[in-house]
Amino acid sequence: MLNIEKIWYKLNQNYLFKNISFNVKKWIIWIYWPSGSGKSTLLKIIWWYIKSEWKILLDWKDIWTDIIKYRKNNWFSFQDYSLLNLTIKDNLLLPFTIWDNKKNEKWIDYLIDYFQIKHILKKNITNISWWEKERVSIIKAFIHKPNIVFLDEAGWALDNTLKNKLYDFIKEYSQKNIIFFISHDKDFKNNFKFKNIVYNWSFEIYK
């Protein structure tokens with residue numbers, strides 16, 4: 001269970017968020033606010049990338065009691081990918097380099113095959129296309145089986161076939177884990193059968 005309590009955040013002396021609180025045990029949380037409204041900022045606050053006035057409880061324990069454990073068990077897929085000037089394989093293994101997470105070779109091979117990047121593993125990140133970087137970023141987010149995954153506009157550069165594979169994948173993964181998903185893509189909304197929602201600081205949960 002992830003409990004977010006009273007997020008307050010100022011931007012340019014004005015509050016972007018005031019007293020935002022919610023809790024979730026699993027499933028997909030879809031955030032569909034207008035551009036510039038703070039979607040990515042909210043995720044970075046929950047991810048503990050941006051400091052704010054808030055309290056986060058994981059399984060009813062304040063994350064500050066074990067911030068290392070919290071960070072080891074989540075990952076953020078940035079909209080601009082934020083991949084390093086390394087080979088594809090080295091980028092994928094960063095979660096294991098940064099944190100002492102145990103590798104599951106079968107799971108890693110499964111992700112590489114599922115998102116079809118086996119043929120580019122030895123290439124440098126500067127020598128692949130944007131849609132290939134998209135897949136690398138997505139795989140890296142899931143490669144160490146985190147409990148919480150933050151996806152910022154993931155899938156926007158994928159063709160329809162791979163996009164649907166991504167949607168099927170996160171539906172399955174979210175049955176036991178939490179996925180925060182920012183998206184303006186109508187295909188995403190239609191695939192998950194989200195209802196029309198208002199922009200006023202609302203989000204929906206796919207169960």
Side-chain angles (χ1 to χ4, degrees), residues 1-2 24-30 43-44 46-49 56-61 63 65-125 128 131-155 157-158 161-183 188 191-192 205-207:
M1 175 72 76
L2 183 69
V24 63
K25 185 175 182 180
K26 55 183 179 179
W27 304 313
I28 302 165
I29 298 86
W30 178 45
L43 290 200
K44 290 173 183 177
I46 300 171
W47 188 48
W48 192 71
Y49 184 78
I56 297 180
L57 303 178
L58 183 62
D59 296 331
W60 305 109
K61 294 181 180 179
I63 65 166
T65 62
D66 195 347
I67 192 66
I68 300 300
K69 180 180 179 181
Y70 178 73
R71 290 304 301 273
K72 284 176 66 174
N73 288 292
N74 62 50
W75 199 265
F76 199 111
S77 177
F78 291 90
Q79 189 174 357
D80 64 357
Y81 310 137
S82 295
L83 299 169
L84 300 183
N85 188 14
L86 302 167
T87 66
I88 306 306
K89 186 174 182 179
D90 287 340
N91 268 282
L92 291 179
L93 297 180
L94 280 175
F96 303 106
T97 304
I98 297 171
W99 306 111
D100 186 24
N101 289 308
K102 186 177 179 180
K103 291 181 185 178
N104 183 325
E105 297 294 345
K106 288 185 178 180
W107 176 248
I108 294 172
D109 290 341
Y110 169 76
L111 292 175
I112 289 171
D113 289 339
Y114 188 86
F115 289 104
Q116 303 172 15
I117 66 160
K118 190 173 183 178
H119 62 292
I120 61 171
L121 286 177
K122 294 181 180 180
K123 288 187 177 182
N124 187 278
I125 201 69
I128 64 172
W131 47 94
E132 288 170 330
K133 290 178 182 177
E134 173 86 38
R135 283 179 273 168
V136 174
S137 180
I138 291 168
I139 293 171
K140 189 176 72 170
F142 291 97
I143 203 162
H144 63 299
K145 289 192 172 182
N147 300 126
I148 307 170
V149 182
F150 302 89
L151 302 176
D152 193 350
E153 298 285 359
L158 301 181
T161 299
L162 283 171
K163 192 182 292 185
N164 287 327
K165 290 190 72 171
L166 170 63
Y167 296 163
D168 289 342
F169 175 83
I170 63 175
K171 283 178 186 176
E172 179 66 26
Y173 196 86
S174 65
Q175 296 306 301
K176 295 182 179 179
N177 302 283
I178 298 170
I179 297 178
F180 288 90
F181 201 113
I182 292 174
S183 177
F188 180 84
N191 189 287
F192 288 85
I205 298 176
Y206 174 85
K207 300 181 180 180

Ignoring hydrogens and geometry, is there a side-chain-to-backbone donor-acceptor pair from K140 to N91 under 3.5 Å?
no
If we only count heavy atoms from C-beta on, is the I98 to W75 side-chain gap below 4.5 Å?
yes
Could you grab the distance from atom CG of L158 to atom CG of L166, nearest 0.5 Å is fine?
6.5 Å
Would you give the length of the straight line joining atom CG of L84 to atom OG1 of T97, rounded to the nearest 0.5 angstrom?
10.0 Å
Using atom types as modelled and distance alone, determine if a side-chain donor or acceptor of E172 lies under 3.5 Å from a backbone N or O of D168.
no
Quick one, N85 with N124, criterion side-chain hydrogen bond (donor to acceptor under 3.5 Å, both in side chains). Give me CA distance, side-chain angles, the key distance, then yes/no.
CA-CA 7 Å; N85 188 14; N124 187 278; 3.2 Å; yes
Would a 4.5 Å heavy-atom cut-off, applied to side chains only, mark I143 and L111 as touching?
yes
The residue among I178, I148, I46, V149 that forms side-chain contact (heavy atoms from CB on, under 4.5 Å) with N74 is I148
Parallel under 30°, tilted from 30 to 60°, perpendicular over 60°: which one fits the rings of F142 and Y173?
perpendicular
Is W107 close to K145 at the side-chain level, that is, under 4.5 Å between some pair of heavy atoms?
yes
Here the gap from R135 atom CZ to L162 atom CG, rounded to the nearest 0.5 Å, amounts to 5.5 Å
Do L93 and K103 have side chains that get closer than 4.5 Å, going by heavy atoms?
yes
Decide yes or no on side chain to side chain contact (heavy atoms under 4.5 Å, CB included) for F96 and I108, but give the supporting numbers first.
CA-CA 12 Å; F96 303 106; I108 294 172; 4.0 Å; yes
Any donor-acceptor pair under 3.5 Å from Y114 side chain to K165 backbone:
yes
What's the shortest heavy-atom distance between A141 and P146, and which atoms?
O-CG, 3.1 Å
Rounded to the nearest 0.5 Å, what separates atom CG in L83 from atom CG in L92?
8.5 Å
Nearest-0.5 Å distance, CG of residue D152 to OG of residue S82:
9.5 Å
Atom CD1 in I139, atom CD in Q116: separation rounded to 0.5 Å?
10.0 Å
Let's go through I128 and I117 carefully: what are the C-alpha distance in whole Å and the side-chain angles of both, what is the deciding distance for side chain to side chain contact (heavy atoms under 4.5 Å, CB included) to 0.1 Å, and is it a yes or a no?
CA-CA 11 Å; I128 64 172; I117 66 160; over 6 Å; no
If you define the side chain from C-beta out and look only at heavy atoms, does anything of K163 sit under 4.5 Å from E134?
no
